[in-house]
Structure formats: C-alpha cells, structure tokens
Trainee: 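Below is one structure. I have some questions about it.
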Amino acid sequence: FLEDMIKGWLTVAGGFLIHIVLGSLYCWANLTSAITSRIRVYQPETTYNDTLIVFAAALAAQGLTIFLGGILGQKFGASFTCLIGGYTLVLGTFLSSIATSLEFLVFTDGILFGIGLGICYTSPISCAIRWLPTRKGLVTGIIVGGFGCGAFFFGNLATYLVNPNSEAVSKSGPNMRYYSYDSKVVERVPFMFQMLAVAYFISITLGCLLISEPPQLIEHQDVKQSRYQVTNTEDEEFASPGIEVMKKPTWGIELQESNKPSIVIEASPVVNPMTTKKDFTMAVFGHQNNNHGNYMKVDNDITILTDKELNISSKEMIELPLFWHITSCFVTTTVGGMYIAGTFKTFGQESFSDESFLASISSISAIFNAIGRIAWGFLADRIGPLRTLYILSLMFAVIMATYAMSPKLGELAFVIWTFAIFFFEGGNFVLYVPIMVQQFGSKYSASNYGLMFSVYSIFVVLNITVLSDFQFEFVLASRLMAMLTFVGFINLLFLGRRIALRKTTTDSKLSNCKLT
C-alpha cells in the first residue's frame with residue numbers, strides 16, 4: 001500500500017514538473033513586447049495584434065493534438081507520451097531563437113509548442129487519478145497548478161535573460177510602445193529562447209522519469225471488459241470463480257461507511273467496469289444491492305466501493321447531448337479569461353509606465369493561477385465540482401465586467417483585479433476534469449477530456465482572432481467576455497438540473513433491476 005501511494009504521489013510530482021513547462025504558454029503576455037520588437041527588426045510593420053497569432057496558433061495546435069495525446073497515453077503510457085510531446089515543445093522553443101519572420105515564429109513558438117503542449121497535457125493527469133482515485137480534485141489541482149506556476153518560474157527566468165535591467169519600451173517615435181531596433185532587449189531574444197529550451201528539456205526529462213503506470217488489476221471472467229481486485233479479506237469462501245483473493249491492501253481507498261467489512265471489492269478506476277457495480281455484485285454474489293452513499297452493502301460483512309459509472313469511449317461520447325452540454329459550459333466559462341490573460345499587460349501599459357511593475361504582476365499572477373487551481377480542486381472534493389463551478393463562474397463574470405475600471409482606481413486595484421482574473425481562470429481547468437470522469441468514467445478520461453479541450457481550443461482561437469481582426473478596444477472586449485462568462489453560469493445551472501434528472505432516472509432503473 002505504501003509503495004503504491006509513493007508511486008502515485010511521485011506521478012503527481014512528475015506531472016507537476018511537466019505542466020510547469022506547459023504553463024510557460026502564459027509567459028506570452030510578459031514577453032510579447034520583446035518578441036514582437038525582435039520581429040519588427042525584420043518586418044517593421046508588425047504589431048502586437050499581428051504577433052497575437054503566435055499565441056492563438058499555440059492554443060489551436062494544443063486543441064488539435066490534446067485528443068491525440070490522450071490516445072497515445074492509453075497506448076504507450078503517460079511517461080513515453082510526455083517525452084514525445086515535451087521534446088517537440090523543446091524543439092519548437094529552440095528553433096524560435098533563429099526566427100526572423102512572423103510566419104516562422106508562428107510555426108516554431110506557436111504550432112510546434114502547441115503540439116507538444118497538447119500531447120503532454122492530459123496523460124499525467126489521467127495517470128495520477130488512476131493511482132489516487134479518491135482525490136481526483138486535489139490531484140488534478142496540483143498537476144495543473146504546475147501549469148499555473150509555469151509563467152512564474154519561466155516568466156522570471158525569461159525576463160532575467162532578455163531584460164535584466166528592466167528597460168522600458170519607447171514612449172515616442174516610430175517604435176512607440178516597442179523596443180528600438182538596437183535595444184539590448186531585442187538582441188537577447190535568441191539567447192532567451194535557447195536557455196528556455198535547455199530548462200524545458202531538464203524539467204520534462206525529470207518529470208517523465210517520475211511518472212509510472214498503475215498496475216493492471218485482476219480480470220473477472222464472468223464480466224466482460226471488467227477487472228476487479230478483492231482485498232482485505234480473511235475468508236476466501238466469498239470469492240467466486242475467476243476472482244483471485246489478494247492479501248495486499250488496495251491502493252487509494254479509505255472506507256468510512258463500512259461496518260466491519262471482511263471483504264472489500266474495488267471496481268478499480270484503472271479499468272472501470274462496462275457494467276454497473278450493481279450488476280457485477282449480482283454476478284459474483286447473487287445478491288440484490290442497497291445503495292448507501294459512496295458504498296454498496298452486500299450482506300452484513302461485504303462492502304463494495306461504487307460510483308455507478310460506466311466507461312464511455314470518445315466515439316460513444318460525442319453522440320451524447322450531455323457531452324456537448326458540458327463542453328458548451330467549458331467554452332463559455334473559460335474563453336473570456338484566456339483573452340484577458342493574454343492581453344492584460346498591453347492594456348496595463350496604457351496606464352502604467354513602469355515595466356518592472358507590469359512584469360512583476362505577470363509573474364506573480366502565475367502563482368495565483370496555480371494557487372487557484374489547487375484551491376478550487378480542494379473545494380471540489382468537499383462540495384462537488386459542479387457546485388464549485390457555480391461559485392467560480394458567477395464571481396468570475398463580475399470580476400471581468402469590472403476589470404477595465406481597475407487602473408483608474410490605482411496600482412493596487414489593478415494588481416488585485418489581475419490576480420483575481422488568474423485565480424479564477426485556473427479553476428476552470430481543474431473542475432471540468434472530475435465532472436467528465438463522473439459522467440463518462442476514468443478509463444478514457446484522457447482522450448475524453450482532450451476531445452472537449454479540442455472543441456474549446458477552436459473557440460478560443462476564434463474569439464482571439466475576431467477580437468483582434470475587428471480591433472476591439474480592451475474595455476469593450478473585457479465586458480463582452482464577462483457577459484459570455486455569465487451565460488456560462490446560466491448554462492451550468494441547466495447542466496446541474498440535467499445531471500440531477502439523469503441520476504434520478506438511473507437510480508430508478510437500478511432499483512427496479514431484477515436478478516436473472
């Protein structure tokens with residue numbers, strides 16, 4: 001048991017190290033001034049709106065490959081999958097050091113970076129959840145908290161490499177709001193990309209070495225496509241043919257509602273049953289089950305851990321209206337925050353001239369992003385991910401609606417609102433994972449979440465592209481994003497009602513199930 005727990009938390013640590021690298025995507029807001037100014041040396045007409053396509057390309061590539069990453073994780077394991085994706089990201093970062101055109105930068109720092117990000121994203125999360133199934137929210141929060149920390153660690157490193165003297169952008173002339181062509185900041189951009197590539201390589205390699213796959217559990221011959229483990233037993237007479245009795249305690253399970261159980265059967269999240277636990281129990285023991293919260297009682301001394309979940313593949317899932325409803329909630333509550341996270345610094349430059357002040361905000365915001373992911377995940381384990389999303393989305397809509405006025409209230413107000421944006425935005429990437437696992441099972445969770453993320457990424461790119469092409473002012477854009485997030489809140493209320501009705505219908509069918 002202790003060995004398995006250690007391996008589980010080492011996998012979480014490995015996923016954290018990998019996600020730190022992936023989270024350097026958020027460095028764009030902090031580094032866009034230096035990178036755009038570098039491209040302007042070769043293409044003088046390039047603007048911030050033009051280079052925003054690099055950020056959008058990374059998001060698009062991530063969305064198109066995150067589903068592929070889930071499939072690769074199922075076939076080759078999380079460690080090897082992250083190695084492939086991570087080194088693709090490293091290659092893109094290194095090649096960005098020789099970029100002399102926007103088109104080439106879009107390919108290297110946008111497409112290659114995004115492909116690597118997408119391939120790596122879900123596999124360590126899914127693997128860690130299978131190790132520690134009772135801590136889905138916390139495990140997800142810690143790993144994707146690394147994503148939030150990425151901009152802090154690598155943002156500070158990149159700032160030190162490219163602009164150690166906190167040189168400000170030009171305030172007048174043809175390069176107003178950019179660094180001049182002969183600036184030391186512009187000269188250091190290639191060196192910055194090279195050193196980041198080295199740092200990414202080290203973090204990715206260490207992370208992959210820490211990740212291990214959970215053991216495959218024992219297959220029960222009478223239940224097709226199911227694997228189970230019988231544990232904590234002193235009497236083998238209850239084990240039916242095809243079930244091997246294990247003396248070793250099971251991993252990740254804490255029984256809190258059992259009355260002196262002599263047998264505990266876990267339908268493992270490694271490969272959850274295609275049938276309900278009720279059907280499995282009847283097949284093994286021939287008893288009708290009574291549902292008691294998270295556990296099913298069979299006789300007086302047998303307890304069965306249950307979620308009543310089916311494992312639904314991505315191919316099956318896309319045919320279900322529930323999947324599209326959850327995806328629409330994910331899109332509407334998240335895309336607005338992504339827009340503000342990528343543009344807040346250029347907005348702040350209109351009111352504050354201190355470059356070090358804005359760079360510090362950008363770095364520390366990443367810490368709030370990480371803390372938010374862990375905090376929202378912790379809360380979700382206590383009150384449920386859907387209730388947590390109600391709170392998050394409503395408050396987030398209010399924060400975005402008032403964000404544009406924060407500079408008028410002074411530096412402190414701008415800092416507080418910006419930190420809040422990142423704190424709330426990060427929660428979205430934690431809370432939808434357990435919802436997807438609850439509704440569609442954990443066996444295909446990496447590819448299922450990846451599919452939803454792919455749809456989301458398409459809308460993120462469309463949102464950024466439309467707002468950029470039509471030259472929306474930040475004030476108007478931020479308020480539109482707030483309205484969209486509020487629509488997401490309303491949509492979540494309908495989703496909660498839908499899931500509740502679905503659960504009631506399922507319980508009714510199970511209670512009327514007859515033994516054959």
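Quantities reported herein were computed from a predicted structural model and do not represent experimental measurements. Note that these values count all heavy atoms, side chains included, but never hydrogens, waters or copies made by symmetry.
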Trainee: Mind checking whether Y87 and F201 have ring centres under 6.0 Å apart?
Mentor: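 Distance test on ring centres: under 6.0 Å, yes.
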Trainee: Would you say that S314 contacts F67 through its side chain, given a criterion of any heavy-atom pair below 4.5 Å between the two side chains?
Mentor: yes
Trainee: Taking the six-membered ring for Trp, is the centroid-to-centroid distance between F16 and F147 below 6.0 Å?
Mentor: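 No: the rings miss the under 6.0 Å criterion.
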Trainee: Quick check: do P321 and W324 have side-chain heavy atoms less than 4.5 Å from each other?
Mentor: no
Trainee: Looking at Y181, is R40 sitting on its ring face, NZ or CZ under 6.0 Å from the six-membered ring centre and within 45 degrees of the normal?
Mentor: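 Verdict for Y181: no cation-pi partner in R40.
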Trainee: Is the distance from the ring center of F154 to that of Y200 below 6.0 Å?
Mentor: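 Aromatic pair counts; centres sit under 6.0 Å.
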Trainee: Tell me every residue that passes salt bridge (Lys or Arg N to Asp or Glu O under 4.0 Å) with E411, counting only those two or more places apart in sequence or in another chain.
Mentor: none
Trainee: Answer yes if the ring centres of F494 and H325 are under 6.0 angstrom apart, and no otherwise.
Mentor: no
Trainee: Can you tell me if S447 and Q74 form a side-chain donor-acceptor pair at under 3.5 Å?
Mentor: yes
Trainee: F474 and F344: ring-ring contact (aromatic ring centres under 6.0 Å, His included), yes or no, with the steps?
Mentor: CA-CA 9 Å; F474 184 88; F344 82 92; 9.0 Å; no
Trainee: Below 6.0 angstrom between ring centroids: does that apply to F368 and F419?
Mentor: yes
Trainee: Taking everything shown except E103 itself, do over 12 heavy atoms lie less than 6.0 Å from its CD?
Mentor: yes
Trainee: So, using salt bridge (Lys or Arg N to Asp or Glu O under 4.0 Å) as the criterion, who are the partners of E213 when residues are at least two apart?
Mentor: R130
Trainee: Give a yes or no on this: more than 12 heavy atoms of other residues, nucleotides or ligands lie within 6.0 Å of atom CZ of F94.
Mentor: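 12 or below, so no.
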Trainee: Can you list the steps and then say if S478 with Y339 is a side chain to side chain donor-acceptor pair (under 3.5 Å)?
Mentor: CA-CA 8 Å; S478 63; Y339 171 78; over 6 Å; no
Trainee: Could you check, using the six-membered ring where one of them is a Trp, whether F459 and Y456 have ring centers closer than 6.0 angstrom?
Mentor: no
Trainee: Does a donor on one side chain and an acceptor on the other come within less than 3.5 Å for T47 and N49?
Mentor: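 No - no donor-acceptor pair under 3.5 Å links their side chains.
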Trainee: Taking everything shown except R188 itself, do over 12 heavy atoms lie less than 6.0 Å from its CZ?
Mentor: yes
Trainee: Are T108 and F113 side-chain neighbours, meaning at least one heavy-atom pair lies under 4.5 Å?
Mentor: no
Trainee: Which of these passes side-chain contact (heavy atoms from CB on, under 4.5 Å) with N428: V335, T334, V144?
Mentor: T334
